[in-house]
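What you see is a predicted model; the values in this text were computed from it and never measured. Nothing fancy with the numbering, it's 1 onward along the sequence.
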Amino acid sequence: MDCHTLIKNEEIMETIVEMSSEWLLVFDENDTLVSITMPSDEQGIDNNSFFHLFSDHEVVRFHAFLRKLSESKSTASDYFELRYKSQVFLMRFEGMSLSEGVLLKGKKVEEEAGDLLRILKDIPIPFFTMDIERRIVSHNQLFLEIIKTIDEPLSLEVPYLNQEYSFHRTISKLADIVTMDNRKATVVFEKDEVRLTIYGHLLSPTLLCVYVKDETVEHRFEQLLTYKQQMESVSQIAAGVAHELRNPLSVIKGFIQLSKLSNSLNKYYETISSEIDRMNLIIEDFLSMSRKKIDKKYILPSELIESMLMIFRSECLLHDIDFSFAIRHSKKYLYVNDQMIRQVTLNVLRNSIEAYEKEGNDRKFTMHTSVKEEHYIIELQDFGPGMPEIVLNDIYKPFFTTKDKGTGIGIPLCKRIVEEHEGSFSIESEVGQGTLVRISLPLYEEPEEGTEESSLS
């Protein structure tokens with residue numbers, strides 16, 4: 001091959017190369033280097049010594065790159081590791097097919113990028129590099145093993161991304177984000193049970209480096225953990241139903257005892273009947289909660305509180321506790337499931353009664369309500385033994401209890417019910433001083449006439 005035919009003015013080409021810090025190489029159809037031009041500060045390589053710059057593995061790749069260029073009659077680029085003057089560096093070669101050979105232009109990759117790629121080859125992280133034309137130009141063995149797990153073909157002979165495959169589309173999306181915004185980015189790929197987190201950033205203006213983290217095992221663990229949490233929720237609901245049914249059963253038992261003492265069942269018949277109805281409603285409410293649906297209605301706060309007073313008085317009388325209350329009226333409305341809010345307040349009363357079991361004197365229970373910042377505040381307070389800070393820190397945890405026969409579900413359930421009404425539930429307590437439970441519920445303007453009861457889904 002007549003080299004002067006390919007490069008008509010070698011002096012001009014040398015000047016161009018020196019100015020651009022690029023190498024210019026010409027190969028004939030037999031992959032023989034017939035001409036090499038280098039920047040002035042990198043002179044010393046000739047046609048015979050060029051291939052000695054490559055390792056055995058890299059020289060095989062380089063010849064394959066030349067053959068691909070010759071056969072495809074198109075342009076292409078790839079990255080190769082070279083050793084020159086006792087230094088190892090990364091070179092990007094971009095080439096085009098000529099009538100009787102190949103013309104290559106080579107440029108050193110920035111030192112930092114080259115160092116990083118060499119480090120990556122020695123650490124157990126699946127990675128690959130990709131050029132600006134979305135061609136995979138280098139990779140390690142771990143990346144190939146990852147590809148096998150997702151069952152999507154990736155030809156390394158013609159390593160273009162294929163948009164027909166989901167993994168390829170994910171990589172393409174990552175490349176778009178990184179190259180357009182010139183920043184690091186992360187995407188997640190999921191297929192069947194495989195989950196990969198893929199990180200990408202630019203090593204140079206023309207080279208994207210991508211790392212792959214296989215999170216399949218973590219993903220399976222998360223699925224098992226979710227299943228475990230679902231089973232725990234079922235257990236909590238079951239325990240909660242049992243716990244909350246105990247409240248109306250206790251009321252019924254108490255009123256039957258009172259009727260025996262007074263020899264008059266008729267006096268307490270309506271209350272007992274209403275508690276039986278409440279048991280049915282508790283079951284319905286829990287079924288509704290499992291469907292994430294709570295039936296609500298507008299009700300005046302005073303109506304809700306006054307509907308509790310009969311039960312509170314009777315319970316406190318039965319357990320020799322002085323009960324006092326102060327109700328603040330409001331023209332605005334609560335939007336609640338009234339049975340569930342009664343359930344919460346009665347549960348607080350039950351806890352106070354149990355706290356007084358070993359207390360002989362000063363057995364008091366108070367209910368005070370107020371309005372503050374568009375919220376209706378219900379404060380329920382006893383003056384029993386109180387709780388230490390270590391108990392307060394764990395009191396909202398499901399199944400945590402200090403009682404011998406407690407379920408540990410009452411307080412967490414109360415908190416959840418109030419929060420599902422867009423309110424707040426808090427407990428203050430001090431050893432020897434008693435316990436204060438504060439329930440805050442939002443107030444609403446008077447509903448328009450004809451407004452129906454509605455549901456929260």
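- With respect to the salt-bridge test (charged N to carboxylate O, under 4.0 angstrom), the residues E58 and R61 qualify.
- Without hydrogens or angle criteria, H375 side chain to E373 main chain gives a donor-acceptor distance under 3.5 Å.
- Checked by atom type, the side-chain pair S330/Y376 shows no donor-acceptor distance below 3.5 Å.
- In this structure, F128 and F143 have tilted ring planes: the angle between them lies in the 30° to 60° band.
- In terms of the side chain to side chain donor-acceptor pair (under 3.5 Å) criterion, K105 has no residue partners (sequence neighbours excluded).
- Side-chain N or O atoms of T129 include none that pairs as donor or acceptor with a backbone N or O of L208 at under 3.5 Å.
- In K191, the NZ atom is crowded: over 12 heavy atoms of neighbouring residues, nucleotides or ligands sit closer than 6.0 Å.
- Contact of the P126 side chain with the Y211 side chain is not registered, since no non-hydrogen atoms from C-beta on lie closer than 4.5 Å.
- The aromatic ring centroids of F93 and F62 lie less than 6.0 Å from each other.
- A donor-acceptor pair under 3.5 Å is formed between the side chain of S429 and the backbone N or O of G434.
- Within the 4.5 Å cutoff, side-chain heavy atoms of I198 are placed close to those of T170.
- The closest donor-acceptor contact from the side chain of Y356 to the backbone of F383 lies under 3.5 Å.
- Classification of the Y444-Y298 ring pair by plane angle, with boundaries at 30° and 60°, yields perpendicular.
- D338 places a side-chain heavy atom less than 4.5 Å from the side chain of R342.
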TODO: Mind running salt bridge (Lys or Arg N to Asp or Glu O under 4.0 Å) on D322 and R363 for me, showing each step along the way?
DONE: CA-CA 6 Å; D322 291 333; R363 295 160 66 95; over 6 Å; no
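- Salt bridge status for R67 with E71: absent, with no side-chain N to carboxylate O gap under 4.0 Å.
- Ring orientation note: the planes of F365 and F312 are tilted relative to one another, at an angle of 30° to 60°.
- Contact annotation: the side chain of K364 never approaches that of I321 to less than 4.5 Å [non-hydrogen atoms, C-beta and beyond].
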Open item on the list: For a salt bridge (Lys or Arg N to Asp or Glu O under 4.0 Å) check, start with the C-alpha distance between E94 and K107, then their side-chain angles and the critical distance, and finish with the verdict.
Closed with: CA-CA 9 Å; E94 185 175 7; K107 183 176 178 62; over 6 Å; no
